[in-house]
Amino acid sequence: MRRDHVKYALLEITFWCSFGAFTSFAFPYLLSAGLSAGVLGVAAAVNTVCSLTGGFVWSTLCDRAGSNKRVFLLLNALLMGVYVALYLVPKAAVPVVALYGLLGFVQGPMVAVLDTWILREMRREMHRFGPIRAWASLAYSVFVLGYSRLIQGLGYRVMLPMAALFVAASITVALMTGETRAARGAKGAPGVSYGAMLASPMMFGLILALLFSGMAIAPNTLALGVLVSGLSGGVALQGMAMFVGTLFQGPTMILYPKLHRLPVLGKMGIAVLLYMAGSLSMALIAAPLGIMLSSSLNGIAYGLLLPAMREAITAAAEDSYLTRAQGLAESAFSAAGPTLSNAASGMMIEQFGVRTLLLLCACIQVLPLLCFGWLKRRGRE
């Protein structure tokens, strides 16, 4: 791996480990501090909405300022401030919900800001992004598995210093990593509205497909929690399922360059089919086999979909609005889609059962496949 690729991998690793050190365990920490599940449910909803809003704000700032690196450094500093405040603030509903919303506003958009910085630097080597991002998935899975045991032994007091360690490491690596003139783009370039972006059939079709797929994937997390709740050792099974899913992402991303002969829409379509198979496995195969198979398939699917969607959006977008385009795609897949489906998934489970919800999620995955087919047909015209 080239020296600059090592730096990009370290940027991804330090960011995701800072996420794992605090955000991944924020809910158990806040529950242990006396907050109710209802309050945390509101906090999660506010976090998602603020993440969606922040995506528009920070990605626009990147494109207008002509630098992802500077915005990433600023966001890391703000992130550490939010971590400190969330850890030290009195554990009451209003301040926690407000700070958890601020956490979404700051941390959620960092994914697209960082990925786009790397993608811009690798404009002619798009197939290298998957292996670089893979190291973050592998590091995160191993780190969280060991870190959970550390928290179990020493308590939640380790969260803030560990998060500070990785945020400091992320800032250090970012300062040591250059940003080329080509990657920075034209500072103060004329703005392109989101409406103008979506006027492109390719951009519109990709965003719509990611929105539908995100809607279908998000309820799986709630369904997993419901399915393991009645099992002996359910919490351990849920943790192992999350570990296995993340573990499968890394090798898939490392092998992504081997699929360079496949069209990018074909790779995205395969990922959607794997997600569909994951929902069907959890719905139709008894636990724990169905759960572990579903987690494996979902991990492979994400490992394929993430680099493919980054590649597709990069090809469809101009440099002057690339960060906004990537942010829009990330928001559609990770925020807007899940918000729409999560609002109804709880009622679906109560009225029709968790397996019916999973079967519906599998059916919804047909919609992004139709979008890909439409885009392919337009490409031939």
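Using a distance-only test at 3.5 Å, with no hydrogens or angles considered, no donor-acceptor pair links the side chain of Ser170 to the main chain of Phe166. No side-chain donor-acceptor contact under 3.5 Å links Asn298 to the backbone of Gly245. Counting only distance, with no hydrogens or angles, the side chain of Ser51 and the backbone of Asn47 share no donor-acceptor pair below 3.5 Å. At distances below 3.5 Å, not a single donor-acceptor pair connects side-chain atoms of Ser200 with backbone N or O atoms of Met197. A donor-acceptor contact shorter than 3.5 Å links the side chain of Arg355 to the backbone of Met282. Under the 3.5 Å distance criterion, the side-chain polar atoms of Lys7 are matched with a main-chain donor or acceptor of Met176. Side chain of Ser18 to main chain of Phe15: a donor-acceptor pair is present (N/O by atom type, distance under 3.5 Å, no hydrogens or angles). Between the side chain of Asn68 and the main chain of Val113, a donor-acceptor pair closer than 3.5 Å is present. Under the 3.5 Å distance criterion, the side-chain polar atoms of Thr177 are matched with a main-chain donor or acceptor of Val173.
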Please test Trp117 against Leu11 for side-chain contact (heavy atoms from CB on, under 4.5 Å), starting from the C-alpha separation and ending with a verdict.
CA-CA 11 Å; Trp117 176 12; Leu11 281 169; 3.8 Å; yes
Would Leu304 and Leu259 count as a side-chain contact (heavy atoms from CB on, under 4.5 Å) if you check the C-alpha gap in whole Å, the side-chain angles of each, and the deciding distance to 0.1 Å?
CA-CA 10 Å; Leu304 181 59; Leu259 303 175; 3.7 Å; yes
Between Thr14 and Thr172, is the side-chain contact (heavy atoms from CB on, under 4.5 Å) condition met? List the steps.
CA-CA 10 Å; Thr14 52; Thr172 301; over 6 Å; no
The test is side chain to side chain donor-acceptor pair (under 3.5 Å); show your working for Glu311 and Tyr256 and say whether it passes.
CA-CA 11 Å; Glu311 181 181 349; Tyr256 184 80; 2.6 Å; yes
Could you check Ser213 against Gln365 for side chain to side chain donor-acceptor pair (under 3.5 Å), going step by step and ending with a plain yes or no?
CA-CA 6 Å; Ser213 191; Gln365 292 289 12; 3.3 Å; yes
Yes or no on side chain to side chain donor-acceptor pair (under 3.5 Å) for Thr314 and Gln326, after CA distance, side-chain angles and deciding distance?
CA-CA 8 Å; Thr314 300; Gln326 293 289 359; 2.9 Å; yes
Hey, mind stepping through Met276 and Val366 against side-chain contact (heavy atoms from CB on, under 4.5 Å) and telling me if it holds?
CA-CA 8 Å; Met276 184 187 296; Val366 173; 4.0 Å; yes
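Between Glu330 and Arg310, at least one side-chain nitrogen of the basic residue sits less than 4.0 Å from a carboxylate oxygen of the acidic one, meeting the salt-bridge criterion. The pair Glu179-Arg70 does not meet the salt-bridge criterion, since no charged nitrogen lies less than 4.0 angstrom from a carboxylate oxygen.
Rounding to the nearest 0.5 Å places CG of Leu211 at 11.0 Å from OG of Ser334. To the nearest 0.5 Å, the span separating CG on Leu306 from CZ on Arg133 amounts to 5.5 Å. Atom CD of residue Glu121 and atom CD1 of residue Ile132 lie 10.5 Å apart, to the nearest 0.5 angstrom. The OG atom of Ser294 lies 7.5 Å from the CG atom of Leu358; values are rounded to the nearest 0.5 Å. Interatomic distance, OG of Ser341 versus CD1 of Ile364, reported as 7.5 Å (0.5 Å rounding). Distance check, rounded to the nearest 0.5 Å: CD1 of Ile270 to CD1 of Ile300 gives 12.0 Å.
The two residues Ala134 and Ile254 come nearest to each other via the heavy atoms CB-CG1, 3.5 Å. The two residues Ala77 and Ile171 come nearest to each other via the heavy atoms N-CD1, 4.4 Å. Residue Leu35 comes nearest to Ala92 through the heavy atom pair CD2-C, 4.0 Å, listed as atom of the first residue, atom of the second, then distance. Annotation for Ser24 and Tyr140: closest pair OG-OH, 2.7 Å, computed over non-hydrogen atoms. For Cys371 against Gly205, the heavy-atom pair with the smallest separation is CB-O, 3.9 Å. In plain terms, the two heavy atoms of Ile291 and Ala241 that are nearest each other are CG2-CB, 3.8 Å.
Considering only heavy atoms from C-beta on, Leu297 comes within 4.5 Å of Ser281 through its side chain. Side-chain contact between Glu12 and Phe129: present, with at least one pair of heavy atoms (C-beta onward) separated by less than 4.5 Å. Side-chain contact check for Trp16 versus Ser137: every heavy-atom pair is 4.5 Å or farther apart. Residues Tyr147 and Met159 form a side-chain contact, since some pair of their non-hydrogen atoms from C-beta on lies under 4.5 Å apart. Looking only at side-chain heavy atoms (C-beta outward), Val39 and Leu30 stay at 4.5 Å or farther from each other. Using a 4.5 Å heavy-atom threshold, the side chains of Gln107 and Leu75 count as separate. Side-chain atoms of Phe352 and Leu360, non-hydrogen and from C-beta on, never get closer than 4.5 Å to each other. The shortest distance between side-chain heavy atoms of Leu328 and Ser59 does not fall below 4.5 Å.
Tested against Leu79 for a side-chain contact (heavy atoms from CB on, under 4.5 Å), the candidates Thr23, Val84, Leu103 yield a single pass: Leu103.
Residue pairs meeting the ring pair (Phe, Tyr, Trp, His ring centres under 6.0 Å) criterion with at least one partner in residues 64-115, sequence neighbours excluded, are Phe22-Tyr83, Phe27-Tyr100, Tyr29-Tyr87, Trp58-Phe105. Applying the ring pair (Phe, Tyr, Trp, His ring centres under 6.0 Å) test to every pair with at least one member in residues 259-317, sequence neighbours left out, gives no pairs at all.
Leu102 and Val94 sit in two unconnected hydrophobic clusters of ILVMFWY residues. Membership requires side-chain heavy atoms under 4.5 Å apart, directly or through other members. Linking ILVMFWY residues whenever their side-chain heavy atoms come closer than 4.5 Å, directly or via other members, places Leu78 and Leu99 in the same cluster. Met215 and Leu198 fall within the same hydrophobic cluster, where Ile, Leu, Val, Met, Phe, Trp and Tyr residues are linked whenever their side-chain heavy atoms come under 4.5 Å apart, directly or through other members. Placement of Val142 and Met162 in two distinct hydrophobic clusters is found when ILVMFWY residues are connected by side-chain heavy-atom separations under 4.5 Å, directly or transitively. No continuous path of hydrophobic side-chain contacts links Met309 to Leu322 [ILVMFWY only; heavy atoms under 4.5 Å].
The neighbour count for Phe204 CZ, taken as heavy atoms of other residues, nucleotides or ligands under 6.0 Å away, does not exceed 12.
No donor-acceptor contact under 3.5 angstrom links the side chains of Arg120 and Thr116, judged on distance only.
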